Peer 1: 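Dumping the structure here so I can ask a few things about it.
Note that the structure is predicted; figures quoted are calculated from it, not measured.
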Amino acid sequence: MIKDSIIEVKNVTFEYSNSEKTKTVIENFSLNIVRGSFTVILGHNGSGKSTLAKLLNGLYKPDSGDVLVDGINTKDEKYELEVKRRVGMVFQNPDNQLLASVVEEDVAFGPENLGLSPQEIRNRVDSSLKAVDMYDFRKNAPHHLSGGQKQRIAIAGIIAMEPECIVLDEPTAMLDPKGRKEIIKTIEKLNKEKNITVILITHFMEEAQNADRVIVMNDGAVYADDTPINVFSDAQMLKNVGLDVPQTTELLLSLKNSGFNVDTKNISIEETADTILKAFHSEGI
Amino acid sequence: MLKDITFGQYFDTKSIVHSLDPRIKILLLILQIVFIFITKNIYALLLAFLFVLLSVIFTKVPIKIYLKNFKAILPIIIFTALINLFYTNEGKELFGFWKLTLTTGGIYKAFYFALRIVLLIAISSVLTYTTTPNDLTDAIERLLSPLKILGLKNAVHTLAMMMTIALRFIPTLVEETQKIMNAQKARGADFENGRLKEKINALIPILIPLLISSVRRAYELAEAMECRCYSVNGDRQRMKILKCSAKDLFAFLFCLIFCLGIAILNYLF
């Protein structure tokens, strides 16, 4: 163990099989997630990223190899609930994760399953709802909320169990741009303020901007594993695995190709704007 | 069409009835239904009517909303009234034609049975209008908890869970049905015209996608529940603590007085 890691994936292979054929989705895969870090996993459809997510909290068990959560093997049935409590999971469709008709009762579902005292459940529900800025909606019915709000409730339902780590499997795929921003802001806040380890699975590049580490997956294997800036500036690599290059990087790259002296290692819109301005000034435009 | 379902809806008017313990409300509803059924004469039934009317007023829910409910079951009320009107041969005969005779006893019975149905619907609505579906399932789970001694612990809990999920997904599925209907309409499906058989056939392209998506939803929900540490055998705690208060005692006494009144009137006349 190099650093304090919360999740260790060791030589994991996972395959789906039916009567006719077996399909290996993840092959001999290893990964360490450092406690308190913010990791983004990118990959196109069918790259195995959702399967990986479900392996991380024991929803799927590896066919060979081991997944260790806080040192506990997910194959160990005795500690099944312990693993799920430590690694919370948020899915794509908020509608299919909420199961009570009142927001606060839905958030209470997890803590209720943990068998905590009613008072403790109440405290956790209130603080979780405040953490995702949905406290004012605690008495509302989920179907009256927007997609982004529903997804925030789903996140609150997970953090009410006080997990060490949250895995979010394309949480913004079904949301509008406004809802997407809300979710990403919430996730980044939880990572910074509550020090919860975050693993965000997505195919939206912009969402990876502020991550500590970006892992690009392709065909069930790690294709790239680096900081966001390094990953995004490698346009050729991204195109190879069928991902879009962020618009800012795209712009900088085409400027560079037409002879401008710009640094392509920028992601945010503000930084890019500054870089372009500087380049233009130095050219005397 | 789907928006008109008012039965089982909750109206938050924050009345005293809303603040009662849902368990007490369910028990009192059962008690009241029993007593409405055992009324033997119109006097006792009128007393029950007074009780129901007072309960309705206490809920502060507009009478209009209760009346809307009756519109849906009006055919049943009219049917019951007519059957009783013409098939009762008691009292003075007013007039007769063909095989039907109208008697004073018939009019009395028609009125009596129609009023009884109205009262039953109204008192049931008092419960559903003033209690959230969640409180209801919660109360049912707790009222059934004695069954746990018989080794039915999981059964009681599973039943309550099923009710909670069903209630949660009604609006979602209604919305989805609407979407599918619109999608099929955009492809030229016609739900309004044609004979009955054609109308039924037109429903199939709605029901099949709805069924498939429900199965998918159920699968995803099960995974999400598993991720939130749910297990059927687990010892679940509840956030909400239900407590009986002085208000509940008062409601109980209030109800009891009317029940006694009905019993006395039954005996006297």
Peer 1: Side-chain contact, heavy-atom cut-off 4.5 Å: B:Tyr230 with A:Leu81?
Peer 2: no
Peer 1: Hey, could you give me the CD1/CD distance between B:Ile241 and A:Gln119, rounded to the nearest 0.5 Å?
Peer 2: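 Interatomic distance, B:Ile241 CD1 to A:Gln119 CD, rounded to 0.5 Å: 7.0 Å.
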Peer 1: Using a cut-off of under 4.5 Å for heavy-atom pairs, which of A:Glu80, A:Arg122, A:Glu120 has the most such pairs with chain B?
Peer 2: A:Arg122
Peer 1: Could you have a look at B:Glu175, B:Glu223, B:Glu226, B:Lys240 and say which one has the most heavy-atom pairs with chain A under 4.5 angstrom?
Peer 2: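 When all of B:Glu175, B:Glu223, B:Glu226, B:Lys240 are compared, B:Glu223 has the most.
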Peer 1: On a heavy-atom basis, which atom in A:Asn113 and which in B:Cys229 lie closest, and how many Å separate them?
Peer 2: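 Heavy atoms only, the tightest pair is CB-O, 3.3 Å.
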Peer 1: Side chain, backbone, both or neither: which part of B:Thr172 has a heavy atom under 4.5 Å from chain A?
Peer 2: side chain
Peer 1: Report which part of B:Met161 has an atom under 4.5 Å of a heavy atom belonging to chain A: side chain, backbone, both, or neither.
Peer 2: side chain
Peer 1: Quick check: do A:Phe91 and B:Glu220 have side-chain heavy atoms less than 4.5 Å from each other?
Peer 2: no
Peer 1: Looking at B:Arg216, I want to see if its CZ is surrounded by more than 12 non-hydrogen atoms of other residues, nucleotides or ligands under 6.0 Å.
Peer 2: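 No - once you tally the heavy atoms of other residues, nucleotides and ligands closer than 6.0 Å, there are 12 at most.
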Peer 1: Below 4.5 Å, heavy-atom pairs only: which of A:Met161, A:Arg124, A:Met89, A:Arg85 has the largest tally toward chain B?
Peer 2: A:Met161
Peer 1: Is it the side chain or the backbone of A:Val107 that comes within 4.5 Å of chain B heavy atoms, both, or neither?
Peer 2: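 Just its backbone gets close to chain B.
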Peer 1: With only heavy atoms counted, which part of A:Val125 is less than 4.5 Å from chain B, the side chain, the backbone, both or neither?
Peer 2: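 Side chain only.
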Peer 1: Enter the distance from A:Asp126:CG to B:Met239:CE here, rounded to the nearest 0.5 Å.
Peer 2: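 Answer for the CG-CE pair, A:Asp126 versus B:Met239, is 8.0 Å.
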Peer 1: Would A:Leu59 and B:Cys227 count as a side-chain contact (heavy atoms from CB on, under 4.5 Å) here? Give the steps.
Peer 2: CA-CA 8 Å; A:Leu59 216 48; B:Cys227 286; 3.8 Å; yes
Peer 1: Determine the minimum heavy-atom distance between B:Arg168 and A:Ala100, stating which atoms define it.
Peer 2: CD-O, 3.3 Å
Peer 1: What distance separates B:Asp135 CG from A:Glu105 CD, expressed to the nearest 0.5 Å?
Peer 2: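 Reported to 0.5 Å precision, the distance equals 6.5 Å.
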Peer 1: Evaluate whether atom CZ of B:Phe254 has more than 12 neighbouring non-hydrogen atoms of other residues, nucleotides or ligands under 6.0 angstrom away.
Peer 2: yes
Peer 1: Flag the one option from B:Ala218, B:Ala222, B:Ala224 with the top tally of heavy-atom pairs under 4.5 Å to chain A.
Peer 2: B:Ala224
Peer 1: Flag yes if more than 12 heavy atoms outside A:Lys189 fall under 6.0 Å of its NZ atom; otherwise flag no.
Peer 2: yes
Peer 1: Are there more than 12 heavy atoms of other residues, nucleotides or ligands under 6.0 Å from atom CZ of B:Phe70?
Peer 2: yes
Peer 1: Taking side chain as C-beta onward, heavy atoms only, is B:Arg228 less than 4.5 Å from A:Lys84?
Peer 2: no
Peer 1: Go through the atoms of A:Asp95 and report whether side chain, backbone, both or neither lie under 4.5 Å from a heavy atom of chain B.
Peer 2: both
Peer 1: Kindly check if the number of other-residue, nucleotide or ligand heavy atoms within 6.0 Å of OH (A:Tyr16) is above 12?
Peer 2: yes
Peer 1: Write down the atom of A:Leu99, the atom of B:Leu221, and the distance for their closest heavy-atom approach.
Peer 2: CB-CD1, 4.1 Å
